[in-house]
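Comments concern the structure below.
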Amino acid sequence: MLQRYSASQDMAADPSDPTGAGRSDRPIVAMRDVGKVFANGTIALSGMSLDVRPGEFVSLLGPSGCGKSTALRLVAGLGGASVGQIEWPTSSYTHAGEPEREISFVFQEPTLMPWATVFRNVWLPLRLKGVSRRAATERVMDALGMVGLDKFAEHYPRELSGGMKMRVSIARALVTRPKVMLMDEPFAALDEITRQKLNDDILRLWGDQGWTVIFVTHSVFEAVYLSSRIVVMAARPGRVIADLPNTLAYPRSGDVRTTADFAAASREVSDVLHQSMDVDAHR
Amino acid sequence: METAGHTAAPLAATAAPESPLRAILQRVLHVVIPLATLVVVLLIWQWYVTAYKVPRYILPGPMEVIRAFIADHQMLFSALWVTLSITFSALALALGGGVLVAVAFAQSPWLERIFYPYAVVLQVTPIVAIAPLLIIYAPSTHAVLLMCAFLVAFFPILSNMTQGLKSTDHNLLNLFDIYNATAWQRLRYVKLPGALPYFATGLRIGGGLALIGSVVAEFTAGSAGTESGLAFRILEAGRRLNVPRLFAALLLITATGVTIFFLTSFISHLLLRRWHESALTREN
């Protein structure tokens, strides 16, 4: 199911073509030899290169401490890279030389404002751009409708379950109609049933909204179920060890999880992941 | 199925809401019991004073206190007004000043590094010790009282508010960074609302301290001629051995303190009732 090739070879050579159709355009975001060293001297990320093309669903998969979240935060512009560049080849640049990235970020926690209603939480990104409540109402209600929470607009976050809070967080991310959706283990704290539901929601929205997704996860099955491409990372120092296209056909539904193809793909990704951890163990 | 039926019945019975009559009775008892206790204490007090013929310049009975209250009500209420106006002006100044300085600290760590130590020094120095200095510098006794009350109320508001503005969820701040929010938006939409619980704490502590500050200041600095507050009336009544009036004035100060407590608690409840854990009843 999965063709394996080394990430370092791939970057210089012809761009990967994971779904096999029309994805060979310029990358929407490109990491070039990016490294990050924390103030305490920990090397969080070393020599990471990654091209993400429009419409891809890329999962960053690896054990904790492998720098996958760090990589995602760098792409989001949270904290600068110690070395290397992050380029946005298709974005225009502001006068200050900042790329106009149309991104949204979903954190591991819902990260809602507890004092604000669901409506006001989802309105926030638009409000920060100066959109009035009246002008934002339709888009906010649309966004809430897409995650099935339009009836909860006037509720406060504390009145919602963990899964519903996460949906609000997703609605807040999609209300700005971003091109790139960055998700940092968004479902790690949820129960399995809720997580599967939200996985399906994300796949549906990815199809409908034309997003490019970079999705950080430590779950092999989640990565295989969701992504068109899986980037496996290893720790100490954080680095990319494999870049695997996932050829399972879309649209995927819960039934895919029980197919032999899914099992084979999961096994292959697992093997790569475990090899990397064995290497670590013998160091 | 049989067992399910059996277990369901008692469950439903315990889950049924309490009867409204019982709820009302419980509420009435909450008020009646403390009131009844008060009446009993007053009766014992009156009986003791009458039975043992305690002179009223040592311990007046409750009836004596009420009589003094009625006879001197004009003087007492004008004193109350003076104390109230100093207390509330000081609290308002402390709230405004505390919040503004805390915001300045939050926006500029340098300002905080420079000035916070002085705020602490001001706080740990007892105001009774500063009062004589203030008397020398201040234009009027009224100003001395105001400054003393302000100084005690200011610090808890400042320190709570500073803490609150620093306690914003880091990921929320990251979110604001991602959307290129301005410093003003950050303050207006996350930092200030997130600091509300801390503000409420500062308000409750500051409210009580403003009253203590204005009373202690008047003990030390004296009153400004015709503008005598309750503290001065207490001192005066003590010197004249007019103990019933002393009790009456004391009662007014206590009532003021209780009122401030309820008022600030009510305001903090209004600020937090929709969302903060402290204002919610636990549902289980």
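Naming convention: chains lettered A, B, ... in sequence-line order (proteins, then strands); numbering from 1 in each chain. Values below: all heavy atoms of this structure, side chains included; hydrogens, waters and symmetry mates excluded.
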Item to complete: Return yes when atom CE of A:Met146 has more than 12 non-hydrogen atoms of other residues, nucleotides or ligands closer than 6.0 Å, and no otherwise.
Response: yes
Discussion item. Could you check whether atom CG of B:Leu38 has more than 12 heavy atoms from other residues, nucleotides or ligands sitting under 6.0 Å from it?
Written reply: yes
Discussion item. Using a 4.5 Å heavy-atom cutoff, which residues in residues 165-181 of chain A come close to chain B?
Written reply: A:Arg172, A:Ala173, A:Thr176
Worksheet entry | residues 102-123 of chain A: residues contacting chain B (heavy atom under 4.5 Å, by number) | A:Ile103, A:Ser104, A:Phe105, A:Phe107, A:Glu109, A:Thr111, A:Leu112, A:Met113, A:Pro114, A:Trp115
Worksheet entry | Parallel, tilted or perpendicular: ring planes of A:Phe57 versus A:Phe215, cut at 30 and 60 degrees | tilted
Practice prompt. Could you tell me whether A:Asp201 and A:Arg204 have a side-chain N and a carboxylate O separated by less than 4.0 Å?
Written response: yes
Are the side chain of [X] and the backbone N or O of [Y] linked by a donor-acceptor pair below 3.5 Å?
X	Y	value
A:Thr217	A:Ser219	yes
A:Arg26	A:Pro89	yes
B:Ser214	B:Leu211	yes

Practice prompt. Would you give the length of the straight line joining atom CG of B:Leu252 to atom CG of B:Leu80, rounded to the nearest 0.5 angstrom?
Written response: 5.5 Å
Response to the item:
Between B:Leu145 and the options B:Thr87, B:Leu134, B:Ile86, the side chain to side chain contact (heavy atoms under 4.5 Å, CB included) test singles out B:Ile86
Worksheet item: Checking B:Asp169 against chain A: side chain, backbone, both or neither under 4.5 Å from a heavy atom?
Response: side chain
Worksheet entry | Closest-packed option against chain B by number of heavy-atom pairs under 4.5 Å, given A:Lys129, A:Arg73, A:Arg127, A:Arg101 | A:Arg127
Worksheet item: Are A:Leu124 and A:Leu128 close enough, and set up right, to give a side-chain contact (heavy atoms from CB on, under 4.5 Å), and what steps lead you there?
Response: CA-CA 6 Å; A:Leu124 177 76; A:Leu128 291 175; 4.2 Å; yes
